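Let me begin by presenting the structure, written as structure tokens, before commenting on it.
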Amino acid sequence: MKWTQTLIPTLREAPADAEIVSHKLLLRAGLIRKLAGGVYTFLPLGLRALRKVENIIREEMDRAGAVEVLMPALQPPEIWEASGRAETASNVLFKVKDSSGRQWFLSPTAEEVITTLTANEINSYRQLPKNFYQISLKFRDEIRPRFGLMRAKEFIMKDAYSFDTTDENAMAAYKKMYDAYTKIFARCGLKAFPVEADTGVIGGNYSHEFMVPADSGENDVAYCEACGYAANIEKATSGIPKTAAREIGAATEKFATPGVVTIEALSKEPYKVPANRQIKTLVYIADAKPVLILIRGDDQLNETKFAAKTGAVAVRPATAEEILPLLGAKPGSLGAVVNVPADVKIFADERLQGANDMTTGANEDGFHLKNVSIERDIKVTAWFDLRTVSAGEPCVKCAKPLKIRRAIEVGHVFKLGTKYSEKLNATFLDADGSRKPSVMGCYGIGVTRTLQAIIEQGNDKDGVVWPLSVAPYQVCITPLAVTPDSQAMQLAEKFYAELTAQGVDVILDDRDERPGVKFKDADLVGFPIRIALGEKSLAKGEVEIKPRTAAFQSVKIEDAVEAVMKLVKA
RNA sequence: CGGAGCGUGGCUCAGCCCGGUAGAGCGCUUGCUUUGGGAGCAAGAUGUCGCAGGUUCAAAUCCUGUCGCUCCGACCA
């Protein structure tokens, strides 16, 4: 490709609406342009890089035994109602109407479609296992699109769905995808690592996310360098000890705490109740019902864990207006010891199990209770791990201190079980004549997000640093004179032809620009290898080969193609 | 949706507080010079100052509303 034939609108300055480096570079390097918030056009170079990522995914999925299909983006609501997700995923669904008033959903994923398909087409255990995948546009009515391609309303996702006869086989399918993902991200030049994850609205009972460490990421990951334990903070647990039991205290005792409405205030003079001897009482509305959640004063509730453990779908903190009539006190004086309506469930964090000599709100403004023994004085409905792990806590596996860091989620694998196959009747006849639902798994890769993660991880002060495998062009030939009869241009054309013939993706910068402009642009776009053809070196019978992140080397003109091929194959 | 901020040539921004001729740099066009890391000189083109109302003799500037964009939070590939 010649530079002047394509469109590479590089920008000297980053547009003001880009915040993180990868977003700035996507715009500055002329890879994408914004049409509206969360909606982008892929320019020629951006599309080339995207296609390379897609092809790596395609090759590894095929190799792992998955077969490619293409499902509609336009989906009838009926199948979403059948799966129950018309309700639970309602907030992300784009809903459109056709001219006759019939409603359609724009596909955010395709569990319903693929399960409907297999319900019709798969009847026998002899047809299993199967794993179908597609690479297609997905639509999500994201509440807040962010950071360019990182979280967009419209994006490209690879989604795959496996169907197996048994749980064990489904586990094997899961493992295959897990391994394929590891290869995919490695081939994309990405340092991505799997972490244990919550399953969210897609459902299922076992899952890993593939994370790319990045400060701009939207996830926190807890990990242990010693043993390799890693989990999304939404799921992570630690080996932190339970609250120490003390001697059985006296009966609970109410004491006045005028104006004290925070854990911190209660920990100071004159009360001096340390946060770790306080019980924090939170009121949540879980699927329209109020519940109490008890957490130790120095811990933070993990809402995701709470929803996952209790099976609640819609979870939100109750408002002060909802709390007052329920417990008879305002937030700051709440507790679960007295005056809790019998039908309000009380969930407590396991760290509080056995705790006594605790202090908590009295459900009376301006009063707290001390000498609370949680098992004696509070009717806990159920105990769960509900707290959020902090850095430095002992690893749940090896007790070494955990670390926490930000990361970008580029892939997610789920073991789904039979949730969808049961609801959508995707059953098969087993060898023994019995009809069973297929055991499913689903596997997603955010392709456009992966592309941005590659840039987020690969850049320097001059621009993008592409891995060879996904660079829009592997080699940029830069003649410093572009008149057709110049030696530089003639040699450039020759190199172009020879490298192209050997299967290398080459772009020839035939712009009549000053050298500095061409070099700056080549660095900004980030081509892995640049060949500079200038008078000075040509006079010595040489050209310069410059890897994007290493010093240039002068090579004889006749050795140039071979030298480049060596770099390309490295 | 809650909180914060921003909308002025293609891009980055000044001007707004204190109302009175719409500006700079980059980019773009033409010419000359220059040609190994974002050139110099000269001459040009490009704006209903997001939109709609209002106040005023007069609004980019003040007021109201609205739309869009960005950031923080809830959601997720």
Side-chain angles (χ1 to χ4, degrees), chain A residues 9-20 23-24 27-28 30 33-39 57 88-93 108-109 135-160 181 197-202 209-212 216-219 232 234 303-304 307 314-317 319 408-414 442-453 462-463 478-483 486 488 512-524 530 532-539 543-544 546 552 554:
Chain A
T10 56
L11 299 173
R12 194 174 287 219
E13 290 173 285
D17 55 5
E19 190 76 11
I20 65 173
H23 186 196
K24 286 178 183 168
L27 294 164
R28 286 192 61 209
R33 283 295 181 264
K34 182 174 74 182
L35 181 63
V39 180
I57 293 172
T88 57
S90 177
N91 53 337
V92 300
L93 281 169
T109 69
I135 298 174
S136 65
L137 259 189
K138 300 295 188 295
F139 300 85
R140 289 191 193 174
D141 191 2
E142 290 291 348
I143 309 162
R144 181 150 99 84
R146 239 197 285 228
F147 300 150
L149 305 178
M150 208 64 99
R151 172 176 302 281
K153 284 178 183 285
E154 180 190 304
F155 60 99
I156 292 180
M157 182 167 88
K158 185 285 300 178
D159 44 327
Y181 275 34
D198 178 64
T199 50
V201 70
I202 293 182
E209 288 164 338
F210 284 77
M211 293 289 193
V212 174
S216 60
E218 299 185 79
N219 303 271
N232 192 310
E234 296 174 348
E303 286 188 19
T304 306
V315 172
R316 65 167 174 86
T319 63
I408 300 164
E409 179 191 351
V410 288
H412 201 161
V413 292
F414 296 84
C442 76
Y443 318 93
I445 292 178
V447 183
T448 39
R449 182 184 285 177
T450 297
L451 183 69
Q452 183 161 353
D462 294 316
T478 308
L480 299 186
V482 295
T483 47
S486 66
D512 186 13
E513 287 286 354
R514 295 167 59 82
V517 172
K518 293 180 149 196
F519 292 148
K520 284 287 185 191
D521 271 349
D523 287 347
L524 176 56
R530 188 181 74 218
L533 303 135
E535 270 180 34
K536 288 179 188 167
S537 38
L538 288 177
V543 296
E544 282 164 18
K546 167 84 174 68
F552 74 84
S554 293

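To find a chain, count down the sequence lines: A is the first, B the second, and so on, and within it residues start at 1. Only a predicted model underlies this, so the values are computations on that prediction, with no experimental measurement involved.
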Considering every strand and a 4.0 Å limit on heavy-atom distances, what is the contact class for A:S537: base, sugar-phosphate, or nothing?
base
A:D521 CG to B:C11 P, straight-line distance once rounded to whole Å:
18 Å
Looking only at atom C1', what distance separates B:C32 and B:G37, rounded to whole Å?
24 Å
Judged by nearest nucleotide, the residue sitting upstream toward the 5' end of RNA chain B, A:E13 or A:T448, is A:E13
When we call it a touch if two heavy atoms are under 4.0 Å apart, what does A:A14 touch: a base, just sugar-phosphate, or nothing?
sugar-phosphate
Could you give the distance separating B:G25 and B:U34 at their P atoms, to the nearest angstrom?
25 Å
Take the protein atom CD of A:E154 and the nucleotide atom C1' of B:C76, then report the distance between them rounded to whole Å.
16 Å
Tell me: NZ of A:K520 to P of B:G37, nearest whole Å?
10 Å
Looking only at non-hydrogen atoms, find the nearest pair between A:E303 and A:P317 and report the distance.
OE2-CG, 4.2 Å
If I pick the C1' atom on B:G68 and the same atom on B:G27, what distance separates them, to the nearest angstrom?
25 Å
Does A:R33 reach a base, just sugar-phosphate, or nothing at all? Heavy atoms under 4.0 Å.
nothing
Which part of the nucleic acid, if any, lies within reach of A:M211 when heavy atoms closer than 4.0 Å are counted: base, sugar-phosphate only, or nothing?
nothing
Whole-angstrom distance between B:U46 and B:U29, as gauged at atom C1':
11 Å
Sugar-phosphate only, base, or nothing, as touched by A:E303 at under 4.0 Å among non-hydrogen atoms:
nothing
Name the nucleic acid region contacted by A:V410, choosing base, sugar-phosphate or nothing; use a 4.0 angstrom heavy-atom cut-off, strictly under.
sugar-phosphate
Taking any heavy-atom pair under 4.0 Å as a contact, classify A:D523: base, sugar-phosphate, or nothing.
base
Using the C1' atoms only, state how far B:U48 lies from B:U70, rounded to an integer number of Å.
26 Å
In whole angstrom, give me the gap between the C1' atoms of B:U8 and B:A59.
14 Å
Ignoring the backbone of A:R449, work out which of B:C76, B:G37, B:C11 is nearest its side chain.
B:C76
Is A:F519 stacked on the base of B:G38 when the test is centres under 5.5 angstrom and planes under 30 degrees?
no
Give me, pair by pair, the N or O atoms of the protein and of nucleotides 66-71 of chain B that are less than 3.5 Å apart, along with how far apart they are.
{"residue": "B:C69", "atom": "OP1", "partner": "A:G37", "partner atom": "N", "Å": "2.7"}
{"residue": "B:C69", "atom": "O3'", "partner": "A:K34", "partner atom": "NZ", "Å": "3.0"}

Considering every strand and a 4.0 Å limit on heavy-atom distances, what is the contact class for A:A488: base, sugar-phosphate, or nothing?
nothing
If I take atom NZ in residue A:K24 and atom C1' in nucleotide B:U12, what distance separates them, rounded to the nearest angstrom?
12 Å
Would a 4.5 Å heavy-atom cut-off, applied to side chains only, mark A:V543 and A:L538 as touching?
yes
Within the structure shown, what part of the strands sits under 4.0 Å from A:G516 by heavy-atom distance: base, sugar-phosphate, or nothing?
sugar-phosphate
With sequence neighbours left out, the residues meeting salt bridge (charged side-chain N to carboxylate O under 4.0 Å, His left out) with A:R151 are A:E142, A:E218
Below the 4.0 Å mark, does B:C76 have OP1 or OP2 next to a side-chain nitrogen or oxygen of A:R151?
no
Give the minimum heavy-atom separation between A:A152 and A:G148, together with the two atoms involved.
CB-O, 4.1 Å
The answer to which of A:R530 and A:E234 contacts RNA chain B further toward the 5' end, by nearest nucleotide, is A:R530
Between B:A22 and B:C26 - P atom distance, rounded Å
23 Å
Atom P, compared across B:G50 and B:G9: separation rounded to whole Å:
8 Å
Any side-chain heavy-atom pair from A:T448 and A:M157 closer than 4.5 angstrom?
no
